[in-house]
Amino acid sequence: MNPHHRTTRLFGSLLLTAAVGISCVGAAPARPAPGPPPPPTPLSQVIPAPASVDAGGSAYRINPGTTIRVDGGSRDVRRIGDYLADVLRPSTGYRLPVTAHGGGNTIRLKLTGKETGDAKGLGDEGYRLDSGSRGVTITARRPAGLFHGVQTLRQLLPAAVEKDTRQSGPWLIAGGTVEDSPRYAYRGAMLDVSRHFFTVDQVKRYIDQLSLYKVNKLHLHLSDDQGWRIAIDSWPRLATYGGSTQVGGGAGGYYTKDQYKEIVRYASSRYLEVVPEIDLPGHTNAALASYADLNCDGVAPPLYTGTAVGFSSLCVPKPLTYEFVDDVLRELAALTPGSTIHIGGDEAHSTSHADYVTFMNKVQPLVTKYGKSVMGWHQLTGATPVKGAIAQYWGYDATGAAERKQVVDAAKNGTKLVISPADRSYLDMKYTRDFPLGLSWAGLVEVQRSYDWDPGTYLAGAPADSILGVEAPLWTETLSTSANLEVMAFPKLPGIAELGWSPAATHDWDTYKVRLASQAPRWDALGIGYYRSPQVPWPTN
Ligand code: ACM
């Protein structure tokens with residue numbers, strides 16, 4: 001791969017950023033037309049497409065007497081009931097008490113704990129939604145399944161349900177049954193908080209958007225040349241100095257441990273696991289600038305606010321390097337209830353191959369020592385992935401056969417793969433040549449290109465059971481506000497989420513684009529600005 005492929009572009013004018021908010025976002029929704037209410041949304045019209053739908057029977061109408069029934073005892077179920085009530089109350093104006101009792105006229109959240117009876121075949125994240133004239137029941141084996149079922153329920157209601165002021169309804173849910181569980185266990189989104197820093201509230205906003213589409217991993221890219229974003233007590237200057245700027249020279253920032261824990265907690269309340277990444281041994285200028293001793297020559301480089309890649313490397317021969325990495329991984333593991341820590345490993349163009357292999361093979365056991373699984377970008381397969389390692393494939397059409405083969409061979413040897421092709425799933429690739437935000441080193445990626453591929457067959461020769469799932473990374477060299485994130489993520493993110501969740505048999509661009517179009521009023525109601533791709537038949541207001 002060309003080492004300089006993404007070195008060039010410094011984003012021209014931040015003023016263009018504001019222009020995107022005007023030129024690309026959807027128009028405000030129109031008033032409801034007079035006449036009979038529209039029929040309820042068909043059960044199959046959600047994203048990700050459900051695994052199975054059996055439509056029929058009477059719709060349920062949420063009404064002033066509706067209760068949200070949470071079956072006794074479980075705090076998780078009550079919390080999900082409260083979450084659902086928080087979505088429904090402002091727009092419906094109904095009381096919607098969350099209660100352990102109730103007969104008919106309920107939205108019932110039923111947790112079985114075991115995979116028998118109603119919950120047969122649903123696994124850890126699946127759910128069953130039964131809707132009829134007396135109410136709706138969502139059944140799941142685990143809380144995550146109930147939560148995902150609630151997201152389906154949201155999408156079955158009119159988009160106005162997402163508004164935070166009282167709307168007219170009616171609040172109809174079509175009759176029938178949805179049985180749904182994910183194709184893949186790993187359905188991720190990555191946010192680069194290093195090139196530009198994003199606050200806890202901005203990250204929470206993105207988490208809420210991810211959870212709409214049943215994404216279950218938030219990969220946080222916490223360190224890079226331009227900024228170190230997580231407080232590490234044993235090396236405090238990483239955050240206080242290494243985090244003090246960002247691309248373009250702005251103030252940057254970092255998360256205190258308490259703030260980081262709050263992100264992890266919030267993600268967990270939306271059934272997302274945070275996968276933290278410390279990118280090593282390249283992409284480390286912020287660390288090298290913070291501690292002169294980490295450099296082979298003992299001289300700290302200046303902080304960096306450009307967008308080149310591949311120029312920094314930790315000092316592989318120095319013993320201090322491994323004390324540093326051990327400290328960072330120990331403190332990060334202690335902040336990580338999830339199973340996995342990502343150690344980067346991409347674009348180490350200033351590290352010799354021999355040094356790269358030495359480094360990655362010494363560092364992986366430091367992750368497992370703290371009880372976590374290793375994840376790395378697919379260059380990790382050029383070293384010796386430890387047992388249980390996950391390689392994240394970010395190649396694209398231009399990636400050479402030898403590089404692909406190395407990844408496929410590792411998969412045959414037991415390394416699991418998360419697939420995130422740069423010219424398909426990278427949300428920061430420009431839609432069109434003149435799009436004011438994003439990069440184009442992997443090409444232009446419009447909505448159809450982003451959706452129309454199969455993670456199960458993308459990497460020819462990789463065993464089907466090596467594919468853990470998909471991810472949609474969002475790099476932020478050119479993105480500095482939530483509006484910037486959203487106009488890149490929408491409408492491409494829901495497509496990657498669908499590739500991760502829905503059975504391959506449901507995959508069809510022509511029907512997907514219609515489902516995608518029908519999400520637009522929902523984004524309008526939620527204040528999410530999106531790119532009105534000409535490939536999608538958006539509703540005309
Ligand atoms: C990457 O895009 N450098 C993983």
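Atoms within a ligand are numbered from 1 in the order they appear, just like the ligands themselves.
- The residue from Tyr431, Tyr451, Tyr531 that alone fulfils the side chain to side chain donor-acceptor pair (under 3.5 Å) condition with Glu446 is Tyr531.
- Annotation: Glu347 places an N or O atom under 3.5 Å from an N or O atom of ligand 1; distance criterion only.
- Judged by distance alone, the side chains of His342 and Gln392 do bring a donor and an acceptor atom under 3.5 Å apart.
- Across Ile419, Leu417, Val275, Thr340, a single residue satisfies side-chain contact (heavy atoms from CB on, under 4.5 Å) together with Tyr186, and that is Val275.
- Residues in residues 304-395 take part in these disulfide (SG to SG under 2.5 Å) pairs, two or more places apart or across chains: Cys296-Cys315.
- Heavy-atom proximity to atom 1 (C) of ligand 1, evaluated over Trp441, Tyr393, Tyr426, Trp377, is greatest for Tyr426.
- Atoms of ligand 1 lying under 4.0 Å from at least one heavy atom of Trp475, given by number and element, are 1 (C), 2 (O), 4 (C).
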